[in-house]
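To start, the structure itself, in structure tokens.
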Amino acid sequence: MALTTIDWPTELPVVRHGEHWIARAGAREVRLSNLPKVYWPQEGFTKGDLLTYYFNVSETMLPHLECRPLTMKRMPNGVGGSFFYEKNAPKHTPDWMLTLPVPSDSDTKIINYLTVRDALEMLWVANLGAIEFHPLHARGSDQTHPSYAFFDLDPAEGAGFEEARYVASLVKVLLDRLGLQAYPKTSGATGIQIMLPLDGTHTYDEVRGVVGVISELVHEADSTTTTLEWEVSKRTGKVFLDVNMNREGANIAAAYSVRPEPNATVSTPFEWAELGTIENHSIQSIFGRIAKVGDPFLPVAEGPGQSLLPAIDALGAKPRKARMVRR
DNA sequence: GCAGACA
DNA sequence: TGTCTGCAACGCATC
DNA sequence: GATGCG
Ligand SMILES: [Mn+2]
Ligand SMILES: [Mn+2]
């Protein structure tokens with residue numbers, strides 16, 4: 001049985017060692033398991049394909065993961081099996097992996113998140129069956145000031161990607177009017193996210209205020225195609241503007257994260273000019289795109305970050321406090 | 001996916 | 001030795 | 001407090 005089923009830019013640099021495969025970098029050694037195991041039965045893609053994808057995409061993806069506490073969506077038995085999210089680093093984490101302690105539950109607990117710094121560390125994480133990489137919205141242990149604001153466009157049942165494209169165009173019109181730079185990506189599943197790099201001076205309450213007011217304006221402009229309803233059954237046929245994901249401890253699949261979807265799709269950053277034609281790329285197709293257009297999302301990682309103050313003034317956007325949580 | 005408990 | 005079991009999130013909205 | 005949501 002083959003370890004991988006796809007022609008990759010670079011094959012995984014591993015040496016077979018009995019039941020396992022060893023990848024090395026300096027003094028560090030990672031033992032990889034079950035590489036021929038089929039993770040996408042319909043396509044025949046293996047765990048080896050998943051790991052080889054992350055190895056090849058590491059150079060492009062790492063700027064978006066740098067210093068960010070990581071939540072893993074793990075599916076050790078492939079996309080047909082059960083999943084779980086994992087935030088705390090497992091007990092068996094090697095000492096050379098970097099972890100970041102982050103206060104949670106209104107500061108009463110500490111979560112020791114994993115962080116990845118290079119391709120080998122990404123391989124160690126992916127080997128856990130981590131199909132999705134979900135970085136937090138801020139870098140480091142202080143998670144009070146996100147490095148971006150974002151619009152999470154979720155087509156509900158009865159709506160699809162075409163509607164998400166259209167709603168993204170409505171958001172873009174308002175952002176242009178406010179003078180805000182924003183960068184879109186497909187989620188890799190059904191929706192689109194639009195990210196606004198920030199200068200690190202804004203709290204989540206302020207960010208929710210701005211994203212909330214703009215979302216309400218979009219909803220007023222087209223209440224047939226968009227919804228802000230919390231109840232799923234009231235969203236049918238519309239695109240849900242998920243303002244609340246701008247929140248401490250929340251996360252979304254990173255740019256270039258794999259998704260447990262048919263064809264092994266990946267979250268695909270794109271240029272606004274491509275809004276009408278972009279589709280989710282896959283672990284197979286994304287490398288041709290990267291070779292051609294590079295990474296349209298680089299400014300989300302490298303800045304420049306923006307201040308929201310002009311938009312807050314223009315919109316009269318008040319901070320949206322989270323309700324006080326039980327201790 | 002994996003470590004540890006158990007037969 | 002092989003097989004089995006336990007374990008692996010969170011913050012916020014709404015009622 | 002319990003449940004829903006992503
Ligand atoms: Mn989404
Ligand atoms: Mn969402």
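Because the structure is a prediction, the values reported are computed rather than measured. Naming convention: chains lettered A, B, ... in sequence-line order (proteins, then strands); numbering from 1 in each chain.
Side-chain contact check for A/D222 and A/T225: at least one donor-acceptor pair (N or O, by modelled atom type) lies under 3.5 Å.
Checking side-chain atoms of A/E302 against main-chain N and O of A/P299 turns up no donor-acceptor pair under 3.5 Å. At distances below 3.5 Å, at least one donor-acceptor pair connects side-chain atoms of A/T186 with backbone N or O atoms of A/T268.
Using a 4.0 Å heavy-atom distance criterion, A/R208 is classed as making no nucleic acid contact. Contact annotation for A/N88: backbone-only contact, meaning every heavy-atom pair under 4.0 Å involves sugar-phosphate atoms and none involves a base. Within the 4.0 angstrom heavy-atom criterion, no nucleotide atom of any strand lies near A/N77. Using a 4.0 Å heavy-atom distance criterion, A/I252 is classed as making no nucleic acid contact.
When the shell of 6.0 Å around CD of A/E59 is examined, it contains 12 or fewer heavy atoms from other residues, nucleotides or ligands. Summarising the local packing, CZ of A/R28 is surrounded by more than 12 heavy atoms from other residues, nucleotides or ligands at distances under 6.0 Å. Few gaps surround CD on A/E29; more than 12 heavy atoms of other groups in view lie less than 6.0 Å from it. In this structure, A/R24 places its CZ atom where only 12 or fewer heavy-atom neighbours from other residues, nucleotides or ligands lie under 6.0 Å away.
For A/N127 and B/dG1, the shortest distance from a side-chain N or O to OP1 or OP2 is not below 4.0 Å. An OP1 or OP2 oxygen of C/dA9 is reached within less than 4.0 angstrom by no side-chain nitrogen or oxygen of A/R247. In this structure, A/Y39 reaches the B/dG1 phosphate: one of its side-chain N or O atoms is under 4.0 Å from OP1 or OP2. Side-chain nitrogen and oxygen atoms of A/S104 include none within less than 4.0 Å of the OP1 or OP2 phosphate oxygen of C/dA9. Considering only side-chain N and O atoms, A/K47 lies under 4.0 angstrom from the phosphate OP1 or OP2 of B/dG1. OP1 or OP2 of C/dA9 has not a single side-chain nitrogen or oxygen of A/K109 nearer than 4.0 Å.
Taken residue by residue, residues 136-172 of chain A places no heavy atom nearer than 4.0 Å to DNA chain B. Contact check of residues 217-234 of chain A against DNA chain D (heavy atom, cut-off under 4.0 Å) returns A/W230, A/V232.
Note: CD (A/E19) to P (B/dA3) measures 15 Å, nearest angstrom.
If you take CG on A/N88 and NZ on A/K109, they are separated by 9.5 Å, rounding to the nearest 0.5 Å. Distance check, rounded to the nearest 0.5 Å: CG of A/N251 to OH of A/Y85 gives 7.5 Å.
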